[in-house]
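See below for the structure under consideration.
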Amino acid sequence: MKSLSTNEIRQYWLDYFADHGHMVVGSSSLVPADDPTLLLINAGMNQFKDTFLGLEKRDYKRATTSQKCMRVSGKHNDLDNVGPSPRHHTFFEMLGNFSFGDYFKQDAITMAWDLLVNKLGLPVERLWFTVYTDDDEAMRLWIETGAAPERVLRFGKKDNWWSMGDTGPCGPCSEIHYYWGDLDKQVADGVNKDDEYLEIWNLVFMQYDAKADGTLVPLPAPSVDTGGGLERFASILQGKDNNYDTDAFVPIMDRIQQLAGQSDAERQANLYRYRAIADHARACTFMIGDGVLPGNEGRSYVLRMILRRAARFGKLIGFDQPFLAQVAEVVIDQMGSHYTDLPAKEAYIL
Ligand code: SER
């Protein structure tokens with residue numbers, strides 16, 4: 001298996017899909033450009049919503065991105081998991097490849113397998129695949145591509161049907177899960193249940209536009225929207241059993257510890273608070289960088305809530321002075337090589 005830093009994984013992904021005919025498109029702002037159904041960007045496909053719906057034409061039919069996402073309000077909300085969970089964040093980066101009426105299930109599955117197994121070297125004996133209840137085609141394609149039949153499982157609407165919100169593009173999906181526990185202890189029943197099974201990549205076969213009354217109107221053309229968690233890939237490729245032990249978070253947690261003047265034992269005793277502060281520092285840095293300010297409504301309220309949550313956890317580990325700006329410096333330092341607007345706005349953000 002390859003060993004890569006978080007910045008290297010992002011680049012590796014974009015390069016792989018560029019080599020396979022995809023346009024490398026920049027992340028959109030966390031603030032949706034023109035979508036009243038969405039408070040904050042929650043998936044890589046958001047910026048392509050109108051392209052899937054056939055309302056907007058682009059001069060490419062394949063795209064790849066690393067998209068800034070927040071899952072802290074609305075349909076996809078992970079806030080309460082942040083801290084205790086080894087894998088959930090308010091802010092994270094979603095790696096994606098997209099087909100707008102170009103390739104469909106076959107190529108999406110073949111490329112996913114090629115990238116994960118042939119290129120990154122993930123061991124097939126740790127991978128599990130899920131498909132929507134009646135998606136025989138996806139099941140067949142995974143098996144033809146190389147998956148052992150007993151490692152391809154069917155799940156229902158809750159797990160294998162993806163929609164952006166109550167309305168908009170949606171369709172059956174197929175997920176890839178990575179098992180990181182003892183090899184001989186894995187069981188099919190653990191998938192979508194136990195923490196040792198990490199969902200790393202979701203392949204959505206976009207086919208419908210969901211209307212407010214529940215009607216599913218077929219999209220102009222079957223399309224593909226995939227999303228892989230960069231921080232989760234980092235945990236695997238760096239041999240860690242949780243995202244917070246990767247190079248995306250360790251320097252941030254080190255800074256918190258240094259500012260708090262705590263010992264390693266104190267850090268360990270306050271682990272969930274450190275994680276939440278590190279997560280929230282990233283979220284606040286990116287939200288402010290994208291022009292959100294704390295306030296009483298909408299996304300401004302979300303920012304204020306995250307900021308206050310970070311401050312409260314900070315207080316609980318002993319801070320009696322503002323500290324978040326100093327933590328944000330590390331975030332900007334780490335991620336500024338890709339998100340070059342961050343260093344440019346550093347003084348403002350801090
Ligand atoms: N939109 C899907 C998701 O967010 C795949 O990118 O999981």
Side-chain angles (χ1 to χ4, degrees), residues 9-10 13-14 16-17 22-28 30 32 35 37-53 62-79 81 85 87-100 102-105 107-109 111-112 115-116 128-132 135 138 155-178 191-192 197-210 216 219 222-233 243:
I9 297 167
R10 185 194 301 110
W13 179 286
L14 298 174
Y16 176 86
F17 285 105
H22 294 65
M23 174 68 79
V24 180
V25 178
S27 170
S28 73
L30 282 169
D35 188 343
T37 69
L38 204 59
L39 209 51
L40 290 159
I41 293 296
N42 67 7
M45 56 72 67
N46 293 166
Q47 66 167 315
F48 303 116
K49 181 177 171 185
D50 283 348
T51 317
F52 286 119
L53 294 174
R62 300 175 172 211
T64 183
T65 60
S66 180
Q67 173 66 49
K68 299 178 271 190
C69 292
M70 297 275 308
R71 290 206 167 169
V72 70
S73 59
K75 184 171 170 60
H76 300 279
N77 186 348
D78 291 330
L79 182 63
N81 287 324
S85 163
R87 63 177 69 158
H88 286 98
H89 306 293
T90 56
F91 170 89
F92 66 100
E93 288 182 76
M94 187 181 283
L95 301 166
N97 58 291
F98 308 91
S99 152
F100 311 114
D102 188 22
Y103 60 86
F104 197 43
K105 294 183 190 180
D107 285 357
I109 287 176
M111 284 189 282
L115 176 55
L116 288 186
W128 292 86
F129 308 86
T130 68
V131 300
Y132 186 58
D135 196 346
F155 282 88
K157 200 145 192 176
K158 178 175 151 289
D159 297 296
N160 280 76
W161 183 274
W162 199 86
S163 50
M164 179 182 139
D166 294 331
T167 59
C170 60
C173 61
S174 185
E175 295 176 346
I176 303 166
H177 296 244
Y178 181 85
V191 177
N192 276 327
Y197 303 79
L198 182 64
E199 180 204 330
I200 51 173
W201 196 351
N202 186 14
L203 278 47
V204 183
F205 308 124
M206 285 293 192
Q207 276 172 283
Y208 306 101
D209 176 15
L216 295 180
L219 293 179
S223 296
V224 169
D225 149 36
T226 90
L230 174 59
E231 297 79 1
R232 295 183 180 189
F233 276 110
N243 299 2

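All values below were derived from every heavy atom in this structure, side-chain atoms included, with hydrogens, water molecules and symmetry-related copies excluded. In listed order, ligands and their atoms are each counted from 1. For reference, positions follow the sequence shown, starting with 1. Fair warning: this is a prediction, and the values are worked out from it, not measured in the lab.
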### Value rounded to 0.5 Å, distance of CG in L219 from CZ in F205
14.0 Å
### Query
Just how far is it from atom CG of N160 to atom CG of N202, taken to the nearest 0.5 Å?
7.5 Å
### Query
Is there a donor-acceptor pair closer than 3.5 Å between any side-chain N or O of Q47 and the backbone N or O of S27?
no
### Message
Any side-chain to backbone donor/acceptor pair from T226 onto N97? Under 3.5 Å, distance only.
### Response
yes
### Message
If you compare all heavy atoms of P32 against all heavy atoms of L38, which two are closest, and at what distance to 0.1 Å?
### Response
CG-O, 3.5 Å
### Query
Does any N or O atom in G227 lie less than 3.5 angstrom from one in ligand 1, N or O only?
yes
### Task
Measure from atom 4 (O) of ligand 1 to every heavy atom in M164, R71, M45 and give the option owning the shortest one.
R71
### Query
Near W162, which atoms of ligand 1 are under 4.0 Å from a heavy atom of that residue?
1 (N), 2 (C), 3 (C), 4 (O), 7 (O)
### Task
For ligand 1, indicate whether the residue N42 contacts it via side chain, backbone, both or neither (heavy-atom separation under 4.0 Å).
neither
#### Entry: Protein contact of atom 1 (N) of ligand 1 - nearest heavy atom, named by residue and atom, plus distance
D225 OD2, 2.7 Å
### Query
Looking at atom 7 (O) of ligand 1, what's its closest protein heavy atom, distance included?
N202 ND2, 3.1 Å
### Message
Under a 4.0 angstrom heavy-atom cut-off, which atoms of ligand 1 come close to M94?
### Response
4 (O), 6 (O)
### Query
Counting from 1, what ligand 1 atoms have a heavy atom of V204 closer than 4.0 Å?
2 (C), 5 (C)
### Query
Is the distance between the ring centroids of F155 and Y132 under 6.0 Å?
no
